[in-house]
There are 2 protein chains.
Amino acid sequence: MKSAIETFRNMGHPATRGRGEIMRILAESPIPLSPREIRERIPDPKPDASTVYRNLSLMVSLGLARSVALHERSRRYEAAMDGLHRHRVVCRRCGSIESFQPKNCDLSRIEKDIRGTLGFDVTDHSLEFFGACADCEGKQRGRR
Amino acid sequence: MKSAIETFRNMGHPATRGRGEIMRILAESPIPLSPREIRERIPDPKPDASTVYRNLSLMVSLGLARSVALHERSRRYEAAMDGLHRHRVVCRRCGSIESFQPKNCDLSRIEKDIRGTLGFDVTDHSLEFFGACADCEGKQRGRR
DNA sequence: TTCTAAATGCAAATATATTGCATCCGCAAT
DNA sequence: ATTGCGGATGCAATATATTTGCATTTAGAA
C-alpha cells in the first residue's frame, strides 16, 4: 500500500523500507500481530527488533495502527484503516483469533452513559469476545 | 473476606496467608491491579513475586479472579464477584482508570451474531473505553 | 551532490513472567 | 496435640518482552 508511505512523508517522517513492510504486513493480516510476528514476516534483511518497536509506537501515535490487547503476554497490532473497526473473537481452548465486523456496533448508548455518569469523553473502545471456536466446540460435543 | 478462603478449601487448595491477602486486596480495590501492585500492598512478610503470579493464575482458573487488559505492559487483575461484571474507562492522558457498571450491558445481540456467523460460542467478553477523563477534559477546555 | 535531522543497528539495561527444586506448611487422620 | 503427605512457598535461574544510549547510516531537502 503506497499511501501508507505517503502518509509517513506527509507527517514529516522519512519513509524507510522497514516502515513500508510493517504497514504492508499489518494491512494484509486478518488478525492483529505481535511485534515478534511482524518482524518474522519481514523479508531479510530484517530490521532490528527495537526498530520494529519504535515504528509500531510511531504508527500508533500517527493513527496508522492500533494496539489490541488479548490478555496475552505481548500486545498485538493491527492496521487502523479509516473509521473501520473490528472486534476480536478469541478461542480460549486453541488460542485461535478471528476478527469480527459487527453489523451494528452500538455502544454509543453506553458511551453516552459514561459521559453522563463520569464526565468522561470516550474517543474509542476495545471489545473482545472469548469462548470456544467452532472447531473446538465440535470436538467438545463429539467427545461427550 | 472469609468466603474466599473457604472457596479455596472447597476446591481442594490449601488456604494460605498470601492467598487470603490477594483476595482481600482485589476485593477492596476499585480498579484492577497489576501483580506488582498487588504484591506491594501485601503487608510484610510479602510472598515472593513468583508466588503472587502462581496464585493469580490459580485464582483465574478457579474463577475467583479475572484478568483485565488495558493495553499496558502488564496485565491487571480484578476480583470476579459473582456474575457482576464491570467495564473499564481509561484516560489516555493521565492514565487514570475508572470502573463503570453498565446499566444494561447488552452485547447479547452481538454475541448471538457471532455464534450465527462464526459458530463461535462466546462465554465472556472484555470491554474497555478510552478517552479523556473529566479532569483532563477540563484542563483541555480551559486551555483553549 | 551535500548537508542535516532523523532512523537504524547493536548492545546493554530494565521490566515482566515462568520454572526447577529444596524446604516448609496446611490440614486431615490419628 | 502429633504426625505425614501433597501441595505451596522462597529462591535463584531463566525466558520473554520492551526500552534506551550511542555510534553510524540514510532519506530527503537544498
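Every chain is numbered from 1, with letters handed out A, B, ... down the list of sequences. Everything numeric in this text was worked out from a predicted model, so none of it was measured.
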Q.
For Arg36(A), is the CZ atom crowded, meaning more than 12 foreign heavy atoms sit under 6.0 Å from it?
A.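 Counting other residues, nucleotides and ligands, CZ of Arg36(A) stays at 12 neighbours or fewer.
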Q.
Atom NZ of residue position Lys46(B) - does it have more than 12 heavy atoms of other residues, nucleotides or ligands inside 6.0 Å?
A. yes
Q. Do any of residues 38-50 of chain B sit with a heavy atom less than 4.0 Å from DNA chain D, and if so which?
A.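 Within this stretch, Lys46(B), Pro47(B), Asp48(B), Ser50(B) sit under 4.0 Å of the strand.
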Q. Salt bridge check: are Asp121(A) and Arg93(B) linked by an N-O gap of less than 4.0 Å?
A. no
**Q.** Of Arg19(B) and Arg17(A), the one whose closest DNA chain D nucleotide lies more 5'
**A.** Arg19(B)
Could you tell me the separation between the [atom1] atom of [X] and the [atom2] atom of [N], rounded to a whole number of Å?
X	N	atom1	atom2	result
Arg73(B)	dT18(D)	CZ	P	7 Å
Arg75(A)	dA17(D)	CZ	C1'	9 Å
Arg36(B)	dT18(D)	CZ	P	16 Å
His13(A)	dT26(D)	NE2	C1'	16 Å
Phe8(B)	dG7(D)	CZ	C1'	13 Å
Tyr53(B)	dA17(D)	OH	P	14 Å

Q) Between Glu72(A) and Ser74(A), is any side-chain donor less than 3.5 angstrom from a side-chain acceptor? A) no
Q) Between Phe129(A) and His125(B), how do the two ring planes meet: parallel, tilted or perpendicular, split at 30° and 60°? A) perpendicular
Q: Drop me the distance from Phe120(B)'s CZ to Ser96(A)'s OG, to the nearest 0.5 angstrom.
A: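 Answer for the CZ-OG pair, Phe120(B) versus Ser96(A), is 6.0 Å.
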Q: To the nearest 0.5 angstrom, please state how far the NE2 atom of His87(A) sits from the CG atom of Leu107(A).
A: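 One finds 6.0 Å between NE2 of His87(A) and CG of Leu107(A).
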Q: Go through DNA chain C in 5' to 3' direction and return only the first and the last nucleotide with some atom under 4.0 Å of chain B's heavy atoms.
A: dT14(C) to dC27(C)
Q: Using a heavy-atom cut-off of under 4.0 Å over every strand shown, decide if Arg54(A) touches base, sugar-phosphate, or nothing.
A: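 Base, at least one base heavy atom under 4.0 Å.
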Q: Could you pick out which residue, Arg9(B) or Pro35(B), lies toward the 5' side of DNA chain C when each is mapped onto its nearest nucleotide?
A: Pro35(B)
Q: Tell me whether Ile42(B) is reachable from Tyr53(B) by hopping between hydrophobic residues (I, L, V, M, F, W, Y) whose side-chain heavy atoms are closer than 4.5 Å.
A: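 Tyr53(B) and Ile42(B): separate clusters.
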Q) Where is the tightest heavy-atom contact between Arg75(B) and Pro35(B), given as atom of each residue plus distance? A) O-CD, 3.4 Å
